[in-house]
Number of protein chains: 2
Amino acid sequence: MEQKDLMLRLMKYKRVLLQFKSLGLDRVYSNNLGDALEISAALVRKDFSHFKIEGNRRGGYSINRVLEKLNHLLGDSGLQEIVIVGCGNLGKALLNHDYIREGFRIAAGFDINPSQAELNNIPLYPLEILKPYVLEHHIDVGIIAVPVSSAMQTAEMMINCGIKGILNFAPLQLKSREECRIHNVNIGLEIENLFFMVNQSEKKDARSIG
Amino acid sequence: MEQKDLMLRLMKYKRVLLQFKSLGLDRVYSNNLGDALEISAALVRKDFSHFKIEGNRRGGYSINRVLEKLNHLLGDSGLQEIVIVGCGNLGKALLNHDYIREGFRIAAGFDINPSQAELNNIPLYPLEILKPYVLEHHIDVGIIAVPVSSAMQTAEMMINCGIKGILNFAPLQLKSREECRIHNVNIGLEIENLFFMVNQSEKKDARSIG
DNA sequence: TAGATTGTTAATCGATTAACAATC
DNA sequence: TAGATTGTTAATCGATTAACAATC
């Protein structure tokens, strides 16, 4: 967990602050952010003070000031571009969503055999040209949305193209390596986990009733 | 983290053990499992001993024995059923996948206006009949795969139907409540996080070269 | 001033690891 | 027996929280 959690928290602060700002707010207190992220106010203050994000002992934190600092910390590197490999239903779902507000853009989709030339104004290319495309456009991050049967070899290919970060949706655990960080989104595990938690709390309820 | 992480680890043990078993293995050592999960062997032993899963001081753990215990711990409750609300591209992608091996099954899909009567042998129904369906089939868990604009009200509706666990794919953070546990899959955050990590390690590389 | 909130220190808490005796 | 691996204890480590002085 450690560092990863902290960074995720910073990103969440950022999102919440943007939301607050869009609501017309100027300043926040540590407890507002704590509530929004479901963490303690002390932790918010600790995080901020750790990164020298300063507030005012009476008036809390200036949203703009905090956002400035967060952008700096998280790499205010403009609009980043990613690719999606696999343009089946899942790939299409991802291609149809606009991620600009999240700070990145899907530059292109790749598929062994694209069913159309573009989708949502994003070009779809055959897999063969992945490497030249990634090199030319300096793509660092990509999403795997292919069937599980070809996921491993897709990851291999992407790493071979020089991609350094992969979000994998295929239901198998791919391991990160020195040269490429891989995060797995495992829907099956998530659902299993939900069932477990739900059953837990049912048992607890039963106990407290009985 | 805490409990949630431990349970996720138990689920991962299970998956890895099933894989080992399918490869013909009979026994594992704590360090095999540690390697597979990228955790320490000590933690594996600690976890197992915590749940009274016993091994043999020379021959490691019997895979079947461990699986038996894990199934018991994780709730060996047969095949559970879930519903999907939202049958656009994302919903279709989920409907097209077979989760039987993961211990659950998608019983039905729901949409304001289903484009077809079934998909992958799974019936698709209009949203109006969600409540009677959930009640009749005792559905505990569901997936939100609707656009962000209707996600909040969809969650409300599902909770109102008595659903106790939700996996939310819409890009907004829904909060868990007493009566319903909600897990959010936030693709934007994941990608942002990847960019951050990738940039981090690039900086590190540059430093070690310079 | 009185009141509220930050910033920070010390305490707590829990998860992970090191290490080794027990034992197969 | 010699060697290897578990099971467990004590140590470590880090994250989170409590609490309060500083201060706006």
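Lettering of chains follows the sequences in order, A, B, ..., and the numbering in each one begins at 1.
Distance NE2 (B/H50) to P (C/dT16): 12 Å, rounded to an integer number of Å. Note: CG (A/N32) to C1' (C/dA4) measures 13 Å, nearest angstrom. As rounded to whole Å, 8 Å separates atom P of C/dT16 from atom CG of B/L6. For the pair A/D5 CG and C/dG14 C1', the computed distance is 14 Å after rounding to whole Å. In this entry the distance linking CZ of A/F48 with C1' of C/dT8 reads 16 Å, nearest Å. If you measure from atom CZ of A/F51 to atom C1' of C/dT8, you get 17 Å, rounded to the nearest angstrom. Atom pair B/N31:CG and C/dA18:P shows a separation of 14 Å (rounding to whole Å applied). Here the P atom of nucleotide D/dT17 and the CD atom of A/E38 are 13 Å apart, to the nearest Å.
Residue pairs meeting the salt bridge (charged side-chain N to carboxylate O under 4.0 Å, His left out) criterion with at least one member in residues 134-156 of chain A, sequence neighbours excluded: A/D140-A/K164, A/E156-A/R177.
Using bins of under 30°, 30° to 60° and over 60° for the plane-to-plane angle, the ring pair A/Y133/A/Y125 lands in the tilted bin.
Proximity of a side-chain donor or acceptor of B/N184 to a complementary backbone N or O of B/L174 within less than 3.5 Å is detected.
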Kindly indicate, with the supporting measurements, whether the criterion side-chain hydrogen bond (donor to acceptor under 3.5 Å, both in side chains) is fulfilled by A/K92 and A/N120. CA-CA 9 Å; A/K92 280 182 184 151; A/N120 190 21; over 6 Å; no
Quick one, B/E54 with B/K69, criterion salt bridge (charged side-chain N to carboxylate O under 4.0 Å, His left out). Give me CA distance, side-chain angles, the key distance, then yes/no. CA-CA 10 Å; B/E54 285 161 18; B/K69 291 269 198 174; over 6 Å; no
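Between A/E38 and A/K12 there is no salt bridge, since no side-chain nitrogen of the basic residue lies less than 4.0 Å from a carboxylate oxygen of the acidic one. Salt bridge annotation for A/E102-A/K14: absent, with no cationic side-chain nitrogen under 4.0 angstrom from a carboxylate oxygen.
In terms of the side chain to side chain contact (heavy atoms under 4.5 Å, CB included) criterion, residue partners of B/S176 (sequence neighbours excluded) are, by chain and number, B/R181, B/I182.
Within the 4.5 Å cutoff, side-chain heavy atoms of B/N186 are placed close to those of A/R15. Side chains of B/I106 and B/V83 form no contact here, defined as non-hydrogen atoms less than 4.5 Å apart. You'll find the side chain of B/C180 reaches within 4.5 Å of the side chain of B/I166, heavy atoms only. Residues B/I82 and A/F195 are in side-chain contact: their nearest non-hydrogen atoms beyond the backbone lie under 4.5 Å apart.
Near DNA chain D, defined here as any heavy-atom distance below 4.0 Å, there are no residues from residues 9-22 of chain B.
Of the two residues near DNA chain D, B/S49 and A/S40, the one whose nearest nucleotide lies more 5' is B/S49. Between B/I53 and A/D47, it is B/I53 whose nearest contact on DNA chain D lies nearer the 5' terminus.
Stretches of at least 3 consecutive Watson-Crick or G-U wobble pairs, with each checked distance under 3.5 Å, appear in DNA chain C as C:3-24 with D:3-24.
When ring centroids are compared, B/Y99 and B/H97 come within the 6.0 Å threshold.
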Which letters describe nucleotides 19-24 of chain C, given B = protein heavy atom under 4.0 Å from base, S = only from sugar-phosphate, - = neither? B-BBBB
Distances for protein N/O vs nucleotides 10-13 of chain C N/O pairs under 3.5 angstrom?
none

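Checking D/dG7, D/dT5, C/dT6 against every side-chain atom of B/E54, the shortest atom distance belongs to D/dG7.
Contacts of B/Y61 with the nucleic acid, taken as non-hydrogen atoms under 4.0 Å apart, involve only primed sugar atoms and P, OP1 or OP2.
When all heavy atoms of B/I53 and B/Y61 are compared, the closest pair comes out as O-CE2, 3.9 Å.
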